[in-house]
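Sequence lines set the chain letters: A, B, ... in the order given, protein chains first and strands last, and positions in each chain run from 1.
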There are 2 protein chains.
Amino acid sequence: MNNKKLKLTDLAKLAGVSTSTVSRALNNNPLIKQETRDKLQHLAKQHNFSLNTAASRLRSQKTNVVAVIINFDGDTEQSINDPFLLKVVGEINLALNKQGLELLLSNSFMAGDDWANYFINSRRADGIIVVGQGKSPINIEAAANAGVPLVVWGDPKTPSNYPIVGSDNFVGGRIATEHLLACGAKHILFLGDPAHAEIAERYRGYLAALAAVKASPQVVSIDITSSAAYLGINQLLVEKGLCFDGIMACSDMVALGAMKALKERYISIPNDVALVGFDDIAMADISHPSLSSIRQNTQRASVLLVEKLLAQLQGETAQSQVVDIELINRQSTKR
Amino acid sequence: MNNKKLKLTDLAKLAGVSTSTVSRALNNNPLIKQETRDKLQHLAKQHNFSLNTAASRLRSQKTNVVAVIINFDGDTEQSINDPFLLKVVGEINLALNKQGLELLLSNSFMAGDDWANYFINSRRADGIIVVGQGKSPINIEAAANAGVPLVVWGDPKTPSNYPIVGSDNFVGGRIATEHLLACGAKHILFLGDPAHAEIAERYRGYLAALAAVKASPQVVSIDITSSAAYLGINQLLVEKGLCFDGIMACSDMVALGAMKALKERYISIPNDVALVGFDDIAMADISHPSLSSIRQNTQRASVLLVEKLLAQLQGETAQSQVVDIELINRQSTKR
DNA sequence: CTGAAAGCGCTAACAA
DNA sequence: TTGTTAGCGCTTTCAG
C-alpha cells in the first residue's frame, strides 16, 4: 500500500485532466471518449486507486447495496443453519454480484422492526430482499407501504403489495402427494406446520391430491427442524404404531429426521413407508435411501428477485412470480 | 414514511439545539448531558430519523462494516452450499452484530485479488474476516501486508503474519483416528485432500495416531464434497474390495458421501467399517447410523475472530488462537 | 456542557 | 468531449 491514499483530485492531477473527467471515466460514463476512459482506468489500477464509496454514496444518494434479511419466525428453532435458506442466500449473492450489487447480510436483531428506517433512510442499502415470509408479514408490509424497494422469497400466491418470488407450493404439495399415491401409499401423513405461509400451500396441495382419491388426511404439526420431525414421528409410532404408509414432509430436513426415526425401528423405506421431501438439498441425494424431493429452482428465483428489485429501483413495479418445481424421484419412493 | 427525509439540521431546528449537539447525542457521546441525550434520541425515534451512514462514514472515515469473504479454492466444487462454512458465516454475523458491526458478504468474484484496495481503500469496510484459508494464501497475505485489519478462520498453527482462529486440526485428526483404533479398526483410510491447509493438519494427526501403533496409512485424496467421497469410495471398493475397516473423513459431508457408498453395498457401519467425520453439522446427528464427528466450536471462534479484528482496528495486534474441539461419539463408531 | 464552522471525497448540473 | 463548481449530510476541532 502506498503511504497516502490517493483521491480523485490526485489522480486527476497525475493525468492532467479534471476530476469530473476521471470520475466519469471510472464510472464508465459514455460521455468520455473510450480512449480517455481506458487510459484513466489503467492509471487508476496502476496507482491502486479506488473510489471512496462513502463519498460517492453521499453524493449520488445511491449505495449499490442490497440488504438481505433472513426472516425467521421468533418461535422456531429453524435457524441460520438451515441449509436451504442459506443456499438461497448464496444464490442471491451471486445474482446480486452479477449486477454489480453488494450484499449486506442482516437479520431482525440488527434491523429491528422498522426496516425502511434502518436500511433505506439511513442509506445503508437501496433495497431489501427478504428470505422467507415468516408467519407474520407485518414488518414486510410496513416496509413495502413505506415505499421501500423490496422483494420476498416466499409463496407467490400470497396476496401482497410487494412482489413475491417462489415455487408453486400448492402444486409442489400436490404432485408430491400424487407421487406417493402412485407408489401405492394409502395413508399419507403431512409432516409440518401449516401455520407457516409456504407450508400452508403445500398442505393445501396435499389435501387436494388426497381429496381427488377420497383418502383422508392426517397431520403431524411440528417445527421445521430435523429433530422435531424425528421426535414427532417417534412419538406417533409409540402412541399409534405404524398407522401410515407414506409421508409428505414439508422440507428435506424434516423428511430426513422422520427417516431416521423410521430406520431406527427397522421400518423399510420405501416398502413400508414412502417418503417425499421438499427443497432437494444436497443431503437428499446423499442420504440412504436417497430422498425423493420437490426441487425448487432457487437459482432462477434469485435472478428474478434481483431483477424485480432493480425494476423497483428504477421506479417500475413488479409482480409476484412463480418458478418451476420438479419432482426428483429417488429411492425413498421407488417400489 | 414522511414526505421528506429529515436530516440532522432539521432535527436540530426542531429541538432548538445545534447540529453538533444532536450528532453527539445520537452517537451517545458522554459529553452531552444524559437528559439532553435522552430527549434527542426520543425525538429522533419519534420522527423516524436515521443518520445518513454515507455522510457519517465519509466524515468519520469509519464504516462499522466488516467484509466476510468465503474463500473457496478455484478448483474445488465445495461451494456456497457447504453447510459448515455457512454455519460459520451465520455465527460470525451474530458475533459482529453484538458489537454493532454489519456484515458485507463477499467473495472473490466481487473482491478480485486486491482485497485491500477493494474493501479498505474504497471504504466499503473497516476490516476483513476470511472464512477458509484455501490452498493458496497469497490474497490473504497481500492484504495483511498492506496493513489491512484482517482475521482468518483456518488452522491456527499455520505460520502467518495475521491472526488465524480455528480448531487444533492436528489434535482433531489424532483423536478421531485414535477413537477408530479404540473401536478396533486396523486399516484406517484417510478421506480428503491433504493439500488443503486445515486438512493437512488433520492428516498429520491421523498419521501420528497410526504411527503410535505402527499401523500403515492409506489416503484417498478427493475434493471436499459428498459426491466426490461417494465416487471415491465406490471406486476403491470396485478396484480393491473392502480393504479397510475404518474411515477418518476430512468433513462430515465427505463422511456422509462415503457412508452412502458403504450402505449401498450392505457394508455394515460400524461393524464392518467405522467412520468419523469432522465439523459436527446437523446432518451428522440425523443420519442413520448417526455419524461420530469432531465438533468445532464455531461459536467461540466467531467471537474470537471479531474480538481480534476489533483489536486490530484499535491498532493493537492479535495472535492466532486455538479453540476447543470435542469428539462426539455416535453410532458410526459404536461397537 | 454546547455551538460555529470547516471539510470529508465525490458527482452532476451547467458552462464551455 | 471536457472543465468548473456547488454541495450531498454528517462529525469534529476549536471556541466559548
Side-chain angles (χ1 to χ4, degrees), chain A residues 2 4-41 43-44 47-65 100 117 119-126, chain B residues 2 4-41 43-44 47-65 100 117 119-126:
Chain A
N2 281 331
K4 210 72 201 121
K5 162 93 175 83
L6 288 180
K7 44 183 141 176
L8 206 54
T9 327
D10 303 325
L11 209 64
K13 263 176 215 146
L14 277 166
V17 295
S18 74
T19 56
S20 24
T21 302
V22 185
S23 169
R24 288 176 183 128
L26 296 184
N27 287 304
N28 250 311
N29 186 323
L31 276 176
I32 302 294
K33 212 195 321 183
Q34 183 69 53
E35 190 193 319
T36 319
R37 254 190 282 170
D38 290 345
K39 200 186 76 189
L40 290 173
Q41 289 181 5
L43 190 74
H47 287 266
N48 243 290
F49 172 81
S50 248
L51 285 170
N52 183 319
T53 53
S56 80
R57 285 172 187 173
L58 172 58
R59 178 57 232 234
S60 64
Q61 308 281 41
K62 199 164 167 310
T63 65
N64 285 320
V65 170
N117 200 27
F119 290 113
I120 311 300
N121 268 353
S122 72
R123 296 278 123 79
R124 262 172 248 271
D126 298 333
Chain B
N2 282 330
K4 210 69 203 127
K5 162 94 176 83
L6 287 181
K7 45 183 142 178
L8 206 54
T9 328
D10 303 324
L11 208 64
K13 260 176 217 148
L14 278 167
V17 295
S18 74
T19 56
S20 15
T21 302
V22 184
S23 170
R24 287 174 183 129
L26 297 185
N27 287 303
N28 249 312
N29 186 323
L31 276 176
I32 302 293
K33 210 194 322 181
Q34 184 69 53
E35 189 193 318
T36 320
R37 253 190 283 169
D38 290 345
K39 199 187 76 188
L40 290 173
Q41 288 181 5
L43 190 73
H47 287 268
N48 243 289
F49 173 80
S50 249
L51 286 170
N52 182 319
T53 53
S56 76
R57 285 171 188 174
L58 172 57
R59 177 59 232 237
S60 64
Q61 308 282 37
K62 198 164 167 310
T63 64
N64 285 320
V65 170
N117 200 27
F119 290 113
I120 311 301
N121 268 351
S122 71
R123 297 278 122 79
R124 263 172 248 270
D126 298 333

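- Remark: A:D38 pairs with A:Q34 by the side chain to side chain contact (heavy atoms under 4.5 Å, CB included) rule, at least two apart or across chains.
- Note that the CG atom of A:L43 and the CD atom of A:Q41 stand 11.0 Å from one another [nearest 0.5 Å].
- Contact check for B:R124 versus B:V65: no side-chain heavy atoms found under the 4.5 Å cut-off.
- The backbone N or O of B:L8 sits nowhere less than 3.5 Å from a side-chain atom of B:T19 that would complete a donor-acceptor pair.
- In this structure, A:T36 has no side-chain hydrogen bond (donor to acceptor under 3.5 Å, both in side chains) partners at least two apart in sequence or on a different chain.
- Counting 5' to 3', DNA chain D first comes under 4.0 angstrom of a heavy atom of chain B and last does so at the ends given by D:dG9 to D:dC14.
- Shown for residues 12-21 of chain B: residues whose heavy atoms fall under 4.0 angstrom of DNA chain D, namely B:S20.
- By the side-chain hydrogen bond (donor to acceptor under 3.5 Å, both in side chains) test, A:N52 is found to be paired with no residue, residues two or more places apart in sequence or in another chain being considered.
- In the 5' to 3' direction, nucleotides of DNA chain C lying under 4.0 Å from heavy atoms of chain A begin and end at C:dG9 to C:dC14.
- Residues from residues 50-57 of chain A placing a heavy atom under 4.0 Å of any atom in DNA chain D do not occur.
- Partners of A:N29 according to the side-chain hydrogen bond (donor to acceptor under 3.5 Å, both in side chains) rule, which considers only residues two or more places apart in sequence or in another chain, do not exist here.
- For B:K33, there are no side-chain hydrogen bond (donor to acceptor under 3.5 Å, both in side chains) partners two or more places apart in sequence or in a different chain.
- Applying the side chain to side chain contact (heavy atoms under 4.5 Å, CB included) rule to A:K62 yields the partners A:S60, A:N64, A:D126; only residues at least two apart in sequence or on another chain are considered.
- A donor-acceptor pair under 3.5 Å is formed between the side chain of A:T53 and the backbone N or O of B:S122.
- Across the interface with DNA chain C, nearest-nucleotide mapping of B:L31 and A:N29 shows B:L31 to be the residue nearer the 5′ end.
- Residues satisfying the side chain to side chain contact (heavy atoms under 4.5 Å, CB included) test with B:K7, not counting sequence neighbours, are B:T9, B:D10.
- Among residues two or more places apart in sequence or in another chain, the salt bridge (charged side-chain N to carboxylate O under 4.0 Å, His left out) test is passed with B:R123 by none.
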